Amino acid sequence: MIVSPCNAPKLTARGLRKALVTGSALLCLLSAGQIFAFNLDDVAAKAKTLAGQKYEAPRSNLPNEFREMKFADYQKIRFLTDKAEWADQKTPFKLSFYHQGMHFDTPVKINEITANEVSEIKYDPSRFDFGDLKFDPKTTEQLGYAGFRVLYPINKADKQDEIMTMLGASYFRVVGKGQAYGLSARGMAIDTALPSGEEFPRFTEFWIQQPKPTDKHLVIFALLDSPRATGAYRLTLRPGADTIVDVKAQMFLRDKVGKLGVAPLTSMFLFGANQPSKVLNYRRELHDSAGLSIHAGNGEWLWRPLNNPKHLAVSNFSVENPRGFGLLQRGRDFSHYEDLDDRYDKRPSAWIEPKGDWGKGTVDLVEIPTADETNDNIVAFWNPEKLAQPGEAMNFAYRLHWTLDEAALHSPDSAWVKQTLKSTGDVKQSNLIRQPDGSVAYLVDFEGPSLKALPADAPVRSQVSVGDNAEVVENSLRYNPETEGWRLTLRLKIKDPGKSTELRAALVKDIVAAEPIKASSQVVKADKVAAKTQEKHEKHEKDVAKAADKDAAKAPEKDKAKDKKEHDAPAPAAEAAPTTPEPAKTEQVLTETWSYQLPADE
């Protein structure tokens with residue numbers, strides 16, 4: 001209701017006092033509500049304060065029985081699902097918790113944010129079934145939670161599925177509908193693969209916003225701490241066919257770091273089609289991710305297949321304002337993996353989509369040798385060129401996609417690498433038998449909308465470059481009717497097997513020049529005028545030159561320099577001189593760039 005001054009009701013003194021009291025009470029209620037309006041700024045204030053203080057390493061509070069247990073024993077500790085947080089509420093989100101044990105020897109503090117307060121979720125041993133483990137119950141009274149899981153009915157409406165897990169350092173894993181856990185994301189990485197050794201920042205405290213019954217997202221705040229950095233994070237989890245995590249981070253350095261990893265991803269690659277297993281194995285491929293994909297700020301796409309090298313390998317890709325990067329699991333056919341237990345065909349890709357401009361930096365890829373699939377040996381992250389001074393905030397925002405649909409990440413007018421196959425190089429003899437010739441062969445299948453739209457006889461060609469350590473003995477391209485794309489075959493002879501070899505390739509086609517457009521009468525007339533003006537200018541130059549030569553012959557020696565200077569002076573520009581147009585593009589890039597590193601000793 002709008003009350004104008006003309007019809008406003010008159011208030012007595014008593015009524016005025018009552019209105020003031022009511023207004024004061026309402027103001028108090030609003031102020032009280034604001035006290036519990038917890039947000040990222042609250043966590044950032046803690047992170048900044050920590051950054052100005054000396055780092056205090058967390059101390060283990062585990063009794064010996066839990067510190068010395070093996071993984072099989074740790075797995076015996078089961079959380080009771082009926083004891084989940086919010087189990088008695090209608091919200092689709094529930095929380096379960098990890099118990100401390102093994103190297104998870106320090107607790108993390110977990111808080112709940114409600115409409116009117118922030119309170120800690122206290123450790124309760126009655127929420128766990130310890131199986132046949134033998135220990136003194138009194139020794140667990142002062143323990144805490146090592147981490148937590150988020151449960152949500154993503155596959156069936158009547159079943160709570162685990163869709164996110166937060167456990168260990170700043171690691172977290174997420175899945176969407178029909179997906180199985182694979183690679184991990186992290187809050188921050190420091191000095192990865194540097195000789196000084198890597199530092200692993202740790203989430204020490206969480207604040208989880210109690211969801212409403214109709215909420216389709218869950219908000220999680222996290223405080224990060226490490227010897228040389230702190231951070232505040234807001235993660236908004238949005239479950240779905242592709243589960244999305246929107247991340248806002250504010251980072252502070254305590255001290256200088258050699259390399260800061262923003263939005264790091266950690267994965268596993270043991271062997272694959274580009275680097276087959278050296279021992280007999282029924283699985284053709286065994287990895288959580290097949291390669292690194294980068295969408296640069298200038299629009300270029302790049303694909304780097306992963307390796308399990310014999311020696312540590314680090315690749316740096318210079319990018320300004322990246323549009324996206326991620327570790328992708330290309331190749332979803334079960335026949336690629338043949339694994340009924342670990343289901344590598346269902347492990348998601350993780351794609352980082354930066355929000356705003358991130359400036360100059362590099363996307364770094366680290367590949368570490370590993371002997372088995374239990375070790376994560378692949379790391380990828382954004383390394384900014386410029387870092388803030390200690391104590392100053394660095395802000396990053398990005399969307400993290402967990403998806404099985406890698407093709408949807410690409411532009412509809414592009415194409416990408418479907419697979420990279422490695423083989424012994426050979427040549428066909430006159431008797432039709434193939435004979436190895438000491439080369440190594442790579443077959444690269446490109447597919448996608450830009451190729452599918454072309455006829456099979458389209459003039460598609462390859463652009464290939466190799467480093468100084470290889471000689472290309474075959475570069476052939478042919479249409480692949482099975483994928484409606486093209487297959488590139490490269491045979492290489494490696495000069496020094498002890499050195500790595502860099503390879504790059506992309507597919508292009510020539511752009512047919514358009515028919516010349518007939519000039520209008522006005523344009524023709526203008527060209528004639530310009531030609532006459534140019535002719536007059538050239539005649540004037542000749543006349544000046546002749547006169548200068550005559551004067552030079554008559555004038556004393558001391559005036560020759562002056563005459564020469566006048567003679568060499570630039571002539572006035574011709575009127576209406578035509579500008580030189582930029583050269584027209586003669587080719588169109590059809591695909592992303594395949595960028596492969598053949599490891600040393602391969």
Side-chain angles (χ1 to χ4, degrees), residues 29-48 50 79 81 83-98 107-124 127 144-154 160-167 170-176 185-187 202-225 230-240 243-251 355 395-402:
L29 285 173
L30 290 173
S31 298
Q34 290 175 353
I35 290 174
F36 300 106
F38 193 88
N39 57 39
L40 183 61
D41 292 338
D42 296 299
V43 188
K46 289 177 175 287
K48 186 173 183 179
L50 273 177
F79 185 85
T81 55
K83 298 290 184 72
E85 196 73 14
W86 310 320
D88 56 348
Q89 299 183 30
K90 293 183 179 180
T91 173
F93 293 95
K94 315 293 179 188
L95 297 179
S96 67
F97 303 98
Y98 287 100
V108 296
K109 188 176 180 181
I110 303 174
N111 307 285
E112 179 185 17
I113 306 169
T114 64
N116 53 10
E117 68 173 350
V118 176
S119 58
E120 182 180 359
I121 301 176
K122 298 288 187 179
Y123 166 74
D124 182 358
R127 285 178 151 178
Y145 298 122
F148 65 91
R149 309 174 185 86
V150 178
L151 310 177
Y152 183 87
I154 199 169
Q160 293 287 336
D161 296 300
E162 186 178 324
I163 63 167
M164 183 182 195
T165 177
M166 307 282 288
L167 178 66
S170 65
Y171 288 87
F172 60 95
R173 296 195 294 175
V174 178
V175 291
R186 279 196 267 173
R202 176 175 175 267
F203 284 139
T204 59
E205 188 170 3
F206 295 97
W207 295 262
I208 307 172
Q209 190 170 293
Q210 184 188 80
K212 300 180 180 64
T214 57
D215 280 351
K216 300 299 182 184
H217 67 275
L218 183 68
V219 178
I220 301 167
F221 298 94
L223 176 66
L224 179 144
D225 195 16
T230 66
Y233 294 76
R234 183 183 192 268
L235 295 84
T236 304
L237 175 66
R238 306 179 190 277
T243 293
I244 289 170
V245 180
D246 287 315
V247 181
K248 285 188 176 181
Q250 196 168 118
M251 305 174 183
K355 301 298 182 182
N395 294 285
F396 294 94
Y398 54 95
R399 171 165 283 189
L400 180 48
H401 302 257
W402 303 81

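All values derive from a computational prediction rather than experimental measurement. We number each residue from 1, following the sequence as shown.
- Note that CG of Asp42 and CD1 of Ile113 are 8.5 Å apart. Values are rounded to the nearest 0.5 Å.
- Inter-residue side-chain proximity for Glu162 and Leu151 is flagged as met; some heavy-atom pair is nearer than 4.5 Å.
- Between Val43 and Phe38, some side-chain heavy-atom pair lies under the 4.5 Å cut-off.
- Checked for salt-bridge contact, Arg127 and Glu85 meet the test: a charged N lies under 4.0 Å from a carboxylate O.
- Shortest non-hydrogen contact noted between Gly147 and Leu167 is N-CD1, 4.3 Å.
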_Worked verdict on Leu223 versus Lys109 for side chain to side chain contact (heavy atoms under 4.5 Å, CB included)_ = CA-CA 10 Å; Leu223 176 66; Lys109 188 176 180 181; over 6 Å; no
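- Note that CG of Leu235 and CG of Leu400 are 8.5 Å apart. Values are rounded to the nearest 0.5 Å.
- Judged by distance alone, with hydrogens and angles left aside, the side-chain atoms of Asn39 form a donor-acceptor pair with the main-chain N or O of Asp41 at under 3.5 Å.
- Side-chain atoms of Lys248 do not come within 3.5 Å of backbone N or O of Ala397 as any donor-acceptor pair.
- Between Arg399 and Arg238, the closest side-chain pair of non-hydrogen atoms falls below 4.5 Å.
- Atom CD1 of Ile208 and atom CH2 of Trp86 lie 5.5 Å apart (nearest 0.5 Å).
- Taking the six-membered ring for Trp and thresholds of 30 and 60 degrees, Phe93 and Tyr152 have ring planes inclined between 30 and 60 degrees apart.
- For the ring-ring contact (aromatic ring centres under 6.0 Å, His included) criterion with Phe148, the lone passing option out of Phe206, Trp207, Phe97 is Phe206.
- Once rounded to the nearest 0.5 Å, the distance linking CD1 of Ile110 with CD of Glu205 reads 10.0 Å.
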*Start with the C-alpha distance between Asn111 and Phe221, add both sets of side-chain angles, then the distance that settles side chain to side chain contact (heavy atoms under 4.5 Å, CB included), and finish with yes or no.*
CA-CA 9 Å; Asn111 307 285; Phe221 298 94; over 6 Å; no
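- Here the shortest heavy-atom pairing between Pro213 and Pro92 reads O-CD, 3.4 Å.
- To the nearest 0.5 Å, atom CD of residue Gln250 and atom CG of residue Leu40 are 6.0 Å apart.
- The closest side-chain heavy-atom distance from Leu95 to Tyr145 is not below 4.5 Å.
- Between Met251 and Leu224 the shortest side-chain heavy-atom distance does not fall below 4.5 Å.
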*asked:* Test side chain to side chain contact (heavy atoms under 4.5 Å, CB included) on Val175 and Ile154; report intermediate values, then the result.
replied: CA-CA 9 Å; Val175 291; Ile154 199 169; 6.0 Å; no
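- For Lys83, the NZ atom counts as densely surrounded, since its 6.0 Å shell holds more than 12 non-hydrogen atoms of other residues, nucleotides or ligands.
- Taking the six-membered ring for Trp and the full ring otherwise, Phe203 and Tyr233 have centroids separated by under 6.0 Å.
- The two residues Gly144 and Pro107 come nearest to each other via the heavy atoms CA-CB, 3.8 Å.
- Residue Arg149 comes nearest to Tyr98 through the heavy atom pair NH2-CE2, 3.2 Å, listed as atom of the first residue, atom of the second, then distance.
- Proximity of Met164 to Ile220: side-chain heavy atoms (C-beta onward) are separated by under 4.5 Å at one or more points.
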_Pair Arg234-Gln209, side chain to side chain contact (heavy atoms under 4.5 Å, CB included): steps then yes or no_ = CA-CA 11 Å; Arg234 183 183 192 268; Gln209 190 170 293; 5.5 Å; no
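- Rounding to the nearest 0.5 Å places CD1 of Ile163 at 8.0 Å from CG of Leu218.
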